[in-house]
Amino acid sequence: MTSSDYDPSSEGAETDFARRMSYGDYLSLDAILGAQHPLSEAHDEMLFIIQHQTTELWMRLAIHELSAARRAIAKDEVQPAMKMLARMSRIFEQLNNAWDVLRTMTPSEYTRFRSQLGQSSGFQSLQYRLIEYLLGNRNHAMLKPHAHDVETTKLLEAELATPSLYDEVLRLADRHGLKMPAAVLARDVRETHSFSEGVLDAWREVYQAPETHWMLYELAEKLVDFEDYFRRWRFNHVTTVERVIGFKRGTGGTGGVSYLKRMLEIELFPELWRVRTIL
């Protein structure tokens with residue numbers, strides 16, 4: 001060390017971690033950084049693995065935030081829920097930016113290791129399925145990829161039996177004087193919410209007089225803001241896949257781009273989007 005080298009220990013920084021918790025210890029970095037196991041010699045397989053592993057980490061946080069927001073709304077704790085929903089938008093902004101990195105991989109580079117993926121595919125992601133179910137897109141057919149795992153299936157079934165985030169928002173609105181259709185409030189929460197004229201009329205009241213219904217107005221806009229980012233994530237997924245593999249079938253047997261384009265048609269909070277047309 002030369003005389004010009006700065007030594008943080010001279011100002012009291014701890015540098016001996018033989019018996020203390022270090023940065024790496026707290027974050028379990030040995031496990032995280034040791035979890036990349038390319039199956040080929042292709043340079044770009046590391047990018048592919050890290051892209052999807054970091055996506056799963058962000059999804060882990062997304063589930064944490066969405067679950068907490070749903071619990072808060074069920075207890076009329078709207079302000080903390082709105083903070084969590086605002087964070088969700090930022091999480092999906094990060095996920096959207098990540099596609100830019102993956103798109104640096106060309107079709108030629110991907111073909112060098114694609115065969116190593118076997119039948120693995122993103123639509124098999126447990127965490128992604130939990131997010132979809134939390135948000136109310138309750139497609140029972142998507143339980144099938146997890147049928148081989150009893151504990152995972154139990155987890156997904158438990159989520160299906162729980163009111164979605166949007167279900168809890170509609171119940172909250174009804175508790176606060178915005179009359180929601182009884183059939184919607186009493187519906188089978190295992191099924192995906194269908195567009196309701198009655199729910200649309202209720203949200204129209206909010207948007208026509210936001211100063212009277214400010215809490216619900218602000219909450220509704222937080223949901224729209226989040227779904228905006230979620231839609232962009234889906235669109236970026238389609239664009240990235242088309243750019244890298246064209247219209248080939250996906251490794252998991254889906255139609256690839258055609259399958260992903262169908263996902264673009266899904267509306268999580270349909271009345272909040274359609275209310276804009278009738279104002």
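Just the heavy atoms: all of them, side chains too, but no hydrogens, waters or symmetry mates, feed the values below.
- The residues Arg70 and Asp167 are annotated as not salt-bridged, no charged nitrogen and carboxylate oxygen being separated by less than 4.0 angstrom.
- Counted within 6.0 Å of CH2 on Trp58, heavy atoms from surrounding residues, nucleotides or ligands total 12 or fewer; the atom is thus considered open.
- Across all non-hydrogen atoms, the minimal contact from Ala74 to Arg175 is O-NH2, 3.6 Å.
- Checked by atom type, the side-chain pair Trp99/Gln51 shows no donor-acceptor distance below 3.5 Å.
- Between Leu219 and Trp214 the shortest side-chain heavy-atom distance does not fall below 4.5 Å.
- Side chain of His52 to main chain of Phe48: a donor-acceptor pair is present (N/O by atom type, distance under 3.5 Å, no hydrogens or angles).
- Judged purely by distance below 3.5 Å, without hydrogens or angles, the side chains of Gln116 and Ser40 never pair a donor atom with an acceptor atom.
- Figure legend: cation-pi geometry between Arg20 and Phe17 absent, as NZ or CZ is not positioned both under 6.0 Å from the six-membered ring centre and within 45° of its axis.
- The OH atom of Tyr133 lies 13.0 Å from the OG atom of Ser164; values are rounded to the nearest 0.5 Å.
- Between Arg60 and Glu56 no salt bridge is recorded (no basic side-chain N to carboxylate O distance below 4.0 Å).
- In summary, Arg171 and Asp174 do not engage in a salt bridge, as defined by a charged side-chain N under 4.0 Å from a carboxylate O.
- The two atoms that bring Glu205 and Leu178 nearest to each other are OE1-CD1, 3.7 Å, heavy atoms only.
- Checked against a 6.0 Å centroid threshold, the rings of Tyr217 and Trp203 do not count as neighbours.
- Defined by atom type and a distance below 3.5 Å, a donor-acceptor pair is present between the side-chain atoms of Ser22 and Asp25.
- A donor-acceptor contact under 3.5 angstrom links the side chains of Glu271 and His193, judged on distance only.
- The CG atom of Leu260 lies 10.0 Å from the CD atom of Glu242; values are rounded to the nearest 0.5 Å.
- Glu227 places a side-chain N or O within 3.5 Å of a backbone atom of Leu268 that can act as its donor or acceptor partner.
- With hydrogens and angles disregarded, no donor-acceptor distance shorter than 3.5 Å links the side chain of Asp228 to the backbone of Val224.
- For Asp188, the CG atom counts as densely surrounded, since its 6.0 Å shell holds more than 12 non-hydrogen atoms of other residues, nucleotides or ligands.
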>> Set out, in order, the CA-CA distance, both residues' side-chain angles and the distance that settles side chain to side chain contact (heavy atoms under 4.5 Å, CB included) for Leu156 and Leu126, then state yes or no.
In response: CA-CA 8 Å; Leu156 290 169; Leu126 166 61; 3.8 Å; yes

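- Taken to the nearest 0.5 Å, the CZ atom of Arg129 stands 11.5 Å off from the CD1 atom of Ile63.
- Although no hydrogens or angles enter the test, the distance criterion places a donor-acceptor pair under 3.5 Å between the side chain of Ser120 and the main chain of Leu117.
- A heavy-atom distance below 4.5 Å is found between the side chains of Pro181 and Val199.
- A salt bridge between Arg112 and Glu41 is absent, with no side-chain N of the basic residue lying under 4.0 Å from a carboxylate O of the acidic one.
- Glu65 places no side-chain N or O within 3.5 Å of a backbone atom of Ala62 that could act as its donor or acceptor partner.
- Checking Tyr229 against Arg90 by side-chain atom types alone, a donor-acceptor pair falls below 3.5 Å.
- The backbone N or O of Leu39 sits less than 3.5 Å from a side-chain atom of Glu45, completing a donor-acceptor pair.
- Here the side chains of Val238 and Val257 are in contact, with some heavy-atom distance below 4.5 Å.
- In this structure, the side chains of Arg114 and Thr111 stay at 4.5 Å or more apart for every pair of heavy atoms.
- If you check the side chains of His176 and Asp76, you find a donor sitting under 3.5 Å from an acceptor.
- A donor-acceptor contact closer than 3.5 angstrom links the side chains of Glu11 and Tyr6.
- Note: the hydrophobic cluster containing Phe269 does not contain Val189 (ILVMFWY, side chain heavy atoms under 4.5 Å, direct or indirect links).
- Side-chain atoms of Leu66 and Leu130, non-hydrogen and from C-beta on, never get closer than 4.5 Å to each other.
- A salt bridge is defined here as a Lys NZ or Arg NE, NH1 or NH2 lying under 4.0 Å from an Asp or Glu carboxylate O, and Glu159 with Arg138 meets this definition.
- Side chain of Thr240 to backbone of Arg103: no donor-acceptor contact under 3.5 angstrom is found.
- Interatomic distance, CG of Leu155 versus CD of Gln127, reported as 10.0 Å (0.5 Å rounding).
- Taking each heavy atom of Thr153 and Ala147 in turn, the nearest pair found is OG1-CA, 3.7 Å.
- Using a 4.5 Å cut-off on side-chain heavy atoms (C-beta onward), Ile131 and Leu135 make contact.
- Environment of CZ in Phe235: sparse, with no more than 12 heavy atoms of neighbouring residues, nucleotides or ligands closer than 6.0 Å.
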> After noting the C-alpha distance and the side-chain angles of Gln94 and Thr55, does the key distance pass the side chain to side chain contact (heavy atoms under 4.5 Å, CB included) rule?
Replying inline: CA-CA 9 Å; Gln94 290 293 320; Thr55 293; over 6 Å; no

> Do Leu279 and Gln208 pass the side chain to side chain contact (heavy atoms under 4.5 Å, CB included) test, and can you show the C-alpha distance, the side-chain angles, and the key distance before you say yes or no?
Replying inline: CA-CA 7 Å; Leu279 291 176; Gln208 286 178 333; 3.9 Å; yes

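- Going from atom CD of Glu221 over to atom CE of Met82 covers 11.5 Å, rounded to the nearest 0.5 Å.
- Ionic pairing of Asp225 and Lys222 is not present here: no N-O contact between side-chain nitrogen and carboxylate oxygen is shorter than 4.0 angstrom.
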>> Please evaluate residues Leu47 and Thr104 with respect to the criterion side chain to side chain contact (heavy atoms under 4.5 Å, CB included), reporting the C-alpha separation (whole Å), side-chain torsions for both, the decisive distance (0.1 Å), and the verdict.
In response: CA-CA 10 Å; Leu47 162 62; Thr104 64; 4.0 Å; yes

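- In terms of modelled atom types and a separation under 3.5 Å, the side chain of Ser125 and the main chain of Gly122 share no donor-acceptor contact.
- Taking a 6.0 Å sphere around NE2 of His140, one finds it holds more than 12 heavy atoms contributed by other residues, nucleotides or ligands.
- Of the possible polar contacts, one joining the Thr106 side chain to the Glu109 backbone as a donor-acceptor pair under 3.5 Å is found.
- Around CD of Gln119, the count of heavy atoms belonging to other residues, nucleotides or ligands within 6.0 Å does not exceed 12.
- Here the side chains of Arg87 and Ile91 are in contact, with some heavy-atom distance below 4.5 Å.
- Looking at Arg274 and Glu267, a side-chain N of the basic residue comes within less than 4.0 Å of a carboxylate O on the acidic one, giving a salt bridge.
- One N or O on the side chain of Asp16 and one on the backbone of Ala18 form a donor-acceptor pair closer than 3.5 Å.
- Taking each heavy atom of Leu165 and Ile73 in turn, the nearest pair found is CD1-CD1, 3.8 Å.
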>> One pair to check against ring pair (Phe, Tyr, Trp, His ring centres under 6.0 Å): Tyr110 and Phe113. What are the steps and the verdict?
In response: CA-CA 6 Å; Tyr110 182 48; Phe113 66 88; 5.3 Å; yes

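- Contact record, Met180 with Ala202: CE-CB, 3.7 Å, taken as the closest heavy-atom pair.
- Between Phe123 and Tyr128 there is no side-chain heavy-atom pair separated by less than 4.5 Å.
- Contact between Ile49 and Gln36 at its shortest, heavy atoms only, is CG2-CG, 4.0 Å.
- Here the straight-line distance linking atom OG of Ser89 with atom CD of Glu93 works out to 8.5 Å at 0.5 Å rounding.
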> Can Glu132 and Arg234 be said to form a salt bridge (Lys or Arg N to Asp or Glu O under 4.0 Å), step by step?
Replying inline: CA-CA 12 Å; Glu132 289 273 8; Arg234 283 178 166 150; 2.5 Å; yes

